[in-house]
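Reviewing the structure listed below.
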Number of protein chains: 2
Amino acid sequence: MPRTETATSAPTRRARDAARPGPPPTVLVRPGDEPTAATLLAAAVEVMAASGYHGTSVRDIATAAGTSPAVLYHHYRSKQGLLVMLCDRGLDVLIEATEAALDEAGPDDADKLRAIVGAHVRVHMESQRESLIGNSEIRALEAPGRDLIVAKRDAQQRFFDRVVRDGVRSGAFATPQPDDASRFITTACTGVAAWYRPGGATEADEIVARHQRIALDAVAHRP
Amino acid sequence: MPRTETATSAPTRRARDAARPGPPPTVLVRPGDEPTAATLLAAAVEVMAASGYHGTSVRDIATAAGTSPAVLYHHYRSKQGLLVMLCDRGLDVLIEATEAALDEAGPDDADKLRAIVGAHVRVHMESQRESLIGNSEIRALEAPGRDLIVAKRDAQQRFFDRVVRDGVRSGAFATPQPDDASRFITTACTGVAAWYRPGGATEADEIVARHQRIALDAVAHRP
DNA sequence: CACCATGTTGAACGCTCGTTCAACGCGCTA
DNA sequence: TAGCGCGTTGAACGAGCGTTCAACATGGTG
C-alpha cells in the first residue's frame, strides 16, 4: 500500500524559502545602519516571526541585518541566546506596559480590567512580531533561559488573575470561574498578535475598545 | 561592545534534544505494531507536537515509529506531505465534530453556542497534539497544501461567526460586536490545546462546561 | 520451483546547519 | 610613525538535514 498521501507538495524546496513572501534575501536594514546588536535583534525578530526559530538560520538573520553570520556571534553567545534575549525583552515590555496601565487606572475593578486588557492588546499589536515569537517559540527555548521566560509569562497571567478575582470578590464581576475567565481573556487577547494587520479595516484603538468590552462581558460585569 | 547578551545558554546542544523530556530516542510504538502509514503519522504527531515541524527531523519521526527514514518515504511523498496530511485530518475531525454537535443541538441560540464550544474544546483536549500542530505549524506549510488547511480553518471559524451572529439577530446575545466576540471565543477555546494536561485538577467535562459558560457570557447572553 | 509485486533495508547523496577562527582593517595613543 | 586593541571578514569545520536508491527479504500466484 504505497503513497497513502493525497495532498501534493513541492518535494525539494525548503519550507522556509516557500513560506517567506517576496524575494528572500532582502536586506531589512537601511545601508547607513551599522550592524549592532540591536540591528541583529530586529532582524531576528523579523525573520523568526515569519519562519519560526528552527525555520530560521543564522545566515537568514545575518542576511536580513546586512551582515555575515560571524558578526552575530560577536554580539550574542549563540542563536539560542538571541532567542532568549528577544523573548525576555518582549515580555519586559508587556509587563511594564501592564503595570503602568494598572497604576494609572482608578480603584474601580472594571477600569482595572479595561486597563490591563488595553495594555495587553496594544502591546500585542505594536510589538506584534516579538509577541508572536514569545508566544509560539517557548518550546524552542532551552533549559536555563526557558524558566526565566515562563516565569515572566506566568507573572503577566497573574495580573489578570488578580484583577478578575478582586472583581468577583467585590461583586463587580459575576462569573463563577474567575481563573478560567482570566485565562480565557488573556488567551484571546494574546491571539491578537496572530491575526492583526496594521493597515486593516479596524483601527487599533477600536480593536482595543472591543476587546475591553468583550472581556468585561466574559467576566459577567454588571455595570 | 562585545556580548551584550546577559542570559546564559548551552552552546553546542541542539534545541530539540534539550526540549524533549526524558531519553530522546524512545520508540513510541509497541513492538508488535508494523510500521504502517498510520503508525508513522501517530509518531509524527507525537514528536512534532513537542518540537515543532522544523525542530523535528525525519529521523526523529522514524525512530519514534520504530523504523528507518526510508520507510517514511514509502508511505508519504515527503516530510511536508506528512504535515499536510496530519493537519488535514486533524481539521476534518474538528469540523465533523462541530457539525455533529450543531445537528444535535436544538434551535435555541444559546444551545447552539454551547454545542460548538463543547465540540471545539473537547476535540482540542482529546486530539490535543494534532490540534497543537494544526494551530502552530501553519506557517511551516507550503503553497498548495497551505491553502487547503487555511480554508478548512476558516470554515471552522465561520461556524462560530454564524451562531453568534444569529444569536445577536434573534436577541439572545447582546454583544455589539458579534464577529469580534466570535473570534475571541474560538481563540480562547483553541488555546485549551496549549495548556490542558490529561490528568490535571479539573475533569475534561468540567473544562468544557466552564468554557461554555464563559463563551455565553462573552456574547452577553441574556437567559 | 520460478516469478513478480510489495515492502524493507542500510548506506549514501548533496546540501545546509550552527559555530569557530586566523587573518585583516582601522582608529586610537604614545 | 609604530604599536595596540577592537570589530570585522571569508572561509572553513564537523554534524545533521531531507531524500534517494540499489539490493534484499517475503509471500502469494503460474
Side-chain angles (χ1 to χ4, degrees), chain A residues 1-5 8-20 24-25 29 33-40 43-44 47-48 51-84 140-142, chain B residues 1-5 9-20 24-25 29 31 33-40 43-44 47-48 51-84 140-142:
Chain A
M1 175 189 52
R3 306 270 172 204
T4 53
E5 176 186 359
T8 60
S9 70
T12 52
R13 217 159 149 222
R14 288 176 49 239
R16 198 169 61 255
D17 303 333
R20 197 129 58 214
V29 180
D33 288 2
E34 68 264 37
T36 61
T39 305
L40 278 163
V47 294
M48 280 192 191
S51 307
Y53 176 75
H54 289 302
T56 300
S57 74
V58 170
R59 285 165 181 83
D60 290 335
I61 300 169
T63 302
T67 342
S68 71
V71 176
L72 190 146
Y73 286 88
H74 184 76
H75 293 283
Y76 299 96
R77 189 187 313 274
S78 62
K79 183 189 171 189
Q80 173 73 201
L82 188 56
L83 175 65
V84 172
L141 286 165
E142 294 167 20
Chain B
M1 175 189 49
R3 307 268 171 205
T4 52
E5 177 187 359
S9 71
T12 52
R13 218 162 149 221
R14 290 175 50 238
R16 198 170 62 253
D17 303 334
R20 197 130 56 213
V29 180
D33 287 3
E34 67 265 39
T36 61
T39 305
L40 279 162
V47 295
M48 279 191 192
S51 307
Y53 177 75
H54 289 304
T56 300
S57 75
V58 170
R59 284 165 181 81
D60 290 335
I61 300 168
T63 302
T67 341
S68 71
V71 176
L72 189 145
Y73 286 88
H74 184 76
H75 293 282
Y76 298 96
R77 191 186 311 274
S78 62
K79 182 189 174 190
Q80 172 72 203
L82 188 55
L83 175 66
V84 171
L141 287 165
E142 295 167 17

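Note on naming: letters A, B, ... go to the chains in the order of the sequence lines (proteins, then strands), and numbering restarts at 1 for each one.
For the pair B:L83 CG and D:dT19 P, the interatomic distance rounds to 12 Å; values are reported in whole Å. Spacing between atom NE2 of B:H74 and atom P of D:dT19 amounts to 17 Å, rounded to whole angstrom units. In this entry the distance linking OH of A:Y76 with C1' of D:dG7 reads 15 Å, nearest Å. What separates NZ of B:K79 from P of C:dT16 is a distance of 15 Å, to the nearest Å. For B:H54 and D:dG18, the NE2 to P distance is 10 Å, given to the nearest whole Å. When rounded to the nearest whole Å, the span between OH of A:Y53 and C1' of C:dC17 equals 12 Å. D:dT8 atom P lies 12 Å from atom CG of A:L72, rounded to whole Å. Atom CG of A:L40 is separated from atom P of C:dG18 by 14 Å (rounded to the nearest Å).
Contact check, B:S68 against C:dG10: no side-chain N or O comes under 4.0 Å of OP1 or OP2. Residue A:S57 places none of its side-chain N or O atoms closer than 4.0 Å to OP1 or OP2 of C:dT16. OP1 or OP2 of D:dT19 sits under 4.0 Å from a side-chain N or O of B:Y73. A sub-4.0 Å separation between OP1 or OP2 of C:dT8 and a side-chain N or O of B:H75 is present.
Looking at the side chain of B:A70, the nearest of the listed nucleotides D:dG18, C:dG10, C:dG18 is C:dG10. If you check D:dT19, D:dT8, C:dT19 against the side chain of A:P69, the one that comes closest is C:dT19.
Once rounded to the nearest 0.5 Å, the distance linking CZ of B:R59 with CD1 of B:I61 reads 11.5 Å. Annotation: the span from A:Y53 atom OH to B:H54 atom NE2 amounts to 13.5 Å, rounded to 0.5 Å. Note that CG of B:L83 is 9.0 Å distant from CD of B:E142, once rounded to the nearest 0.5 Å. Rounded to the nearest 0.5 angstrom, A:H75 NE2 and A:T67 OG1 are separated by 8.0 Å.
Evaluated for a side chain to side chain contact (heavy atoms under 4.5 Å, CB included) with B:P69, the options B:D60, B:T63, B:V58 yield exactly one hit, B:V58.
Counting atom types as modelled, B:R59 pairs no side-chain N or O with a base atom of D:dG16 as donor and acceptor under 3.5 Å.
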